Amino acid sequence: MEKGALQQLLSQMSLREKIGQMIQLTGACFDEEAVLTGETGTDQLPEEAVWMAGSVLGMIGGEKIREIQKVYMEKHPHHIPLLFMADVIHGCRTIFPIPLAQACSFHPQLVQEGAAVAAGEASSEGIRASFSPMIDVSKDARWGRIMESFGEDPYLNGVMGTAMLNGYQGDRSGTGTEIAGCLKHFAGYGAVSAGREYNDVEMSQRTFLEQYVRPFRMAMQAKPAMVMTAFTAIDRKPVSANRQLLHQLLRSQLGFEGVVISDWGSIGQLEEQRVATDQKEAARMAADAGVDIDMMSPAYVHWLEELVEEGTVAMEQIDACVWNILKMKNRLGLFEDPFAGIGKSQILSEESRTVAYTLACESCVLLKNDQILPLDQNQKVLWAGPYVDSPQLLSRWAIFGRHSDVNTIEAALKETGAQAECLQGCEMLSQEECRMWQVREPSGASGGIRLEDVAKIQRDDTVVLVLGEHESQSGEAASRAFLDLPAPQQELFEAVAQRTDNLITVIIAGRPLDLRAVTEKSRAVLLAFRPGTMGAKAITSLVYGKENPSGKLAVSIPYCVGQAPVSYWDMTTGHAMSQQETDNRYRSRYMDIPNKPLYSFGYGLSYTQFEISDLRIGKEKAKDDGKVSVWCKVKNIGQRAGAEVVQCYIQTLFAAIVRPEKELIRFQKVFLEPEEEAEVEFSIRVEEFLYYDEKMHLTYTNTPFQILVGNSSECVRTAGVVQF
Ligand code: GLC
């Protein structure tokens, strides 16, 4: 619709119609099969509010949505189409690895392809907006939503968030197969204190702006349709009522022009946070802060009309919110054809499965390989553990995924014709853990390990143990104070480790776990962060060498839970710990564990070896050119094809304020045949070196930065020093 016509539509709308656009309700108001992803409370909504709401969430089904849309538009005074939104977080029906896993691929183009598949399937089923990508910098393994992020690094979150947005919103406008993306949760939610879900967030303004806002700043280039407010507060001001964040920072500084949507109930929760005296005050605060859509709280639906009529909230404010919403619907072509994408894309097509398989392969990280992997298809191998015959490879955020679509590892092994015998060994969770995680206990569960399975293992057998968290143990509302494997699986691991010297352990989880024992007693460890629909095929292909692992950790694996939160970019300190002073207690250290994580950000092994050489930088005219160029060579010096992720970090050598130990600034995944060599060039814009000085002014003047290049955050060499 032309802009003029859209403006005319806005001018013709009644106040109730306008407020209706600012309300989002659960699809359960229209369809009992809708997926609930939040608490609904007891609020009985007036019938008129249901048919006036501008968007719904959690529904799926092309023909069902078509029918509801027809009735809705007929009833609506100006026939404005309803927008169907949902949490398509890592796939719609073809489920890709969780975002934390996708980040480990360090392959943004592949992530973008996956998002485009998700957009096709979602739009085909009537959904035209997703609450994704989530780009909360997350470095605390105790927080269940780390699985939904792209890990601990701000730059990687920004790159992957941009890629996913481009996949969703793509260049397919007018086809109806694109969907609106939503950057979330603005901002800082990943730093909840003590890793406890929905807890307060305490951080300096510098850390907030330089580390936690950075992915949002980067992803603005992809023109996100929406940004979602975090449940949490920044400097004690809840984001959903934080005008300074939403107007000055998000819209003025970052240039965001889309729709600000609250998180589920986060406006109403202002009363619970004791910053609003009641729901009417909560509605006033959020409208003033510039929240365009109230997702599932009673505030806007019950109080906004009265606030406008009494003059507390200006009509101009309402018009600005509704204008953002109408523009988003118009950008999706809903006014021309609200049914455009329905039925247009095939669900779970071979092409979609191929993208999911490739992404699952590239998302797995080989942490250890003591000359045992890859296995030979023809050697006898025992595969054991509760995951061997389980379809639990998805996640709680795969809300439309179906376990019936998931091949198990046992089935994948049969397809490959490998000489494999499968043993379950134990249940995934103990009975107590089933109760804690609200998981139905499997019928006839014994609780302990199956001794008859363990007894089959002989000393020289090769055993692949597939262990890990249950799907329910990560995602939203899933914080943990321990990072252990479930009890039965720990018992099984110890029993098997005593019986064989040839143990390979595959870990499936939604977060980093405490892998000390697994690492110590396994000859190889492969980490698969919830790998999705094609996960089983990917795992077996990697174990038998059909594919070569290329994943790198997007999040540190802490030595133990006591080390959380930990990241490679933690700030520099006094009393700095050094390798030479291990007996000096007066250092920034723990006395009972090392400072370093068990495995560091950016680390991951391959079945081949690579050599990075010839590091150099072009700095002479950096400031005049407006960029710093960095070059190096990477060569495959092994016997088989593979991919290396060349990483470039900057390290502030001196500044008047404390800065991160180092910061990822570029990376490139390079695929090479044996003996093949490639030159890698990174071009870094000088403004990317900016940081906030003592007066909170952005600067890089007279600050020496060291440029580091390598294949993990721990394994880097200097390419030179630049100063502007
Ligand atoms: C949830 C989550 C948010 C999600 C929304 C809708 O509470 O915090 O990420 O998109 O509600 O399900």
Side-chain angles (χ1 to χ4, degrees), residues 23-29 31 33-41 53-60 83-92 98-100 115 118 122 127-138 143-150 157 161 164-165 168 179-192 196-199 201 215-216 219 224-233 238-240 258-270 272-273 286 291-299 395-401 474-479 510:
I23 292 161
Q24 180 170 101
L25 302 177
T26 166
C29 296
D31 164 36
E33 289 174 6
V35 177
L36 273 184
T37 52
E39 296 171 289
T40 52
S55 56
V56 295
L57 78 157
M59 274 187 72
I60 190 169
L83 178 47
F84 292 85
M85 304 192 192
D87 294 279
V88 177
I89 304 298
H90 55 106
C92 188
I98 55 174
L100 183 62
I127 295 164
R128 296 301 309 276
S130 174
F131 303 119
S132 165
M134 187 267 223
I135 53 174
D136 291 306
V137 171
S138 310
W143 190 48
R145 301 194 77 163
I146 196 169
M147 58 79 74
E148 202 182 336
S149 78
F150 294 107
N157 270 280
M164 200 169 254
L165 265 180
Y168 290 146
I179 61 175
C182 177
L183 292 177
K184 72 183 187 181
H185 305 77
F186 189 74
Y189 182 13
V192 284
R196 196 181 83 213
E197 184 59 291
Y198 313 127
N199 201 4
V201 167
F216 291 89
M226 295 187 282
V227 166
M228 184 184 290
T229 60
F231 287 122
T232 45
V239 175
S240 299
V259 168
V260 173
I261 184 169
S262 80
D263 201 338
W264 184 297
S266 64
I267 294 177
Q269 284 162 18
L270 294 172
E272 191 181 343
Q273 282 169 299
V291 181
D292 299 317
I293 296 180
D294 175 357
M295 180 196 291
M296 281 302 290
S297 102
S395 88
R396 283 177 52 237
W397 274 124
I399 64 171
F400 303 124
S474 61
E476 183 175 357
S479 285

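Just so you know, residue 1 is the first one in the sequence shown, and it goes up from there. Remember, it's 1-based here, ligands and their atoms both numbered in the order they're listed. Quantities reported herein were computed from a predicted structural model and do not represent experimental measurements.
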Quiz item: Does the Asp263 side chain pair with the main chain of Ser266, one donor and one acceptor, at a distance under 3.5 Å?
Solution: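 Judged by distance alone, no pair lies under 3.5 Å.
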Practice problem: Would you check whether Met134 reaches within less than 4.0 Å of ligand 1, judged by its heavy atoms? | Solution: no
Quiz item: Would you say Arg145 touches ligand 1, if touching means a heavy atom closer than 4.0 Å?
Solution: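 Arg145: in contact with ligand 1 (<4.0 Å).
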Quiz item: Under 6.0 Å between the ring centres of Tyr189 and Trp143?
Solution: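 That pair passes the under 6.0 Å test.
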Pull out every atom of ligand 1 sitting under 4.0 Å from any heavy atom of [X], numbered as shown with elements.
| X | value |
| --- | --- |
| Glu476 | 1 (C), 2 (C), 7 (O), 8 (O) |
| Trp264 | 7 (O), 11 (O) |
| Lys184 | 3 (C), 4 (C), 9 (O), 10 (O) |
| Phe231 | 7 (O), 8 (O) |
| Phe131 | 10 (O) |
| Leu57 | 6 (C), 12 (O) |
| Met228 | 3 (C), 10 (O) |
| His185 | 3 (C), 8 (O), 9 (O) |

Exercise. Decide side-chain hydrogen bond (donor to acceptor under 3.5 Å, both in side chains) for Ser240 and Ser262; before the verdict, give the C-alpha distance in whole Å, the side-chain angles of both, and the deciding distance to 0.1 Å.
Key: CA-CA 6 Å; Ser240 299; Ser262 80; 5.7 Å; no
Quiz item: Going by distance only, is there an N or O of Trp397 that falls short of 3.5 Å from an N or O of ligand 1?
Solution: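 No, there is no polar N/O contact under 3.5 Å.
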Quiz prompt | Distance-only N or O hit between ligand 1 and Thr37, under 3.5 Å | solution = yes
Quiz item: Who's the nearest protein heavy-atom neighbour of atom 10 (O) of ligand 1, and how far?
Solution: Asp87 OD1, 2.5 Å
Quiz item: Which residue holds the protein heavy atom closest to atom 3 (C) of ligand 1, what is that atom called, and what is the gap in Å?
Solution: Asp263 OD1, 3.3 Å
Quiz item: Salt bridge between Asp87 and Lys184, side-chain N to carboxylate O under 4.0 Å?
Solution: yes
Practice problem: Look at the aromatic rings of Phe231 and His185 and report parallel, tilted or perpendicular, splitting at 30° and 60°. | Solution: parallel
Quiz item: Would Tyr168 and Ser132 count as a side-chain hydrogen bond (donor to acceptor under 3.5 Å, both in side chains) if you check the C-alpha gap in whole Å, the side-chain angles of each, and the deciding distance to 0.1 Å?
Solution: CA-CA 9 Å; Tyr168 290 146; Ser132 165; 2.7 Å; yes
Is there side-chain contact between [X] and [Y], with heavy atoms separated by less than 4.5 Å?
| X | Y | answer |
| --- | --- | --- |
| Thr37 | Phe131 | no |
| His90 | Ser395 | yes |
| Pro215 | Val137 | yes |

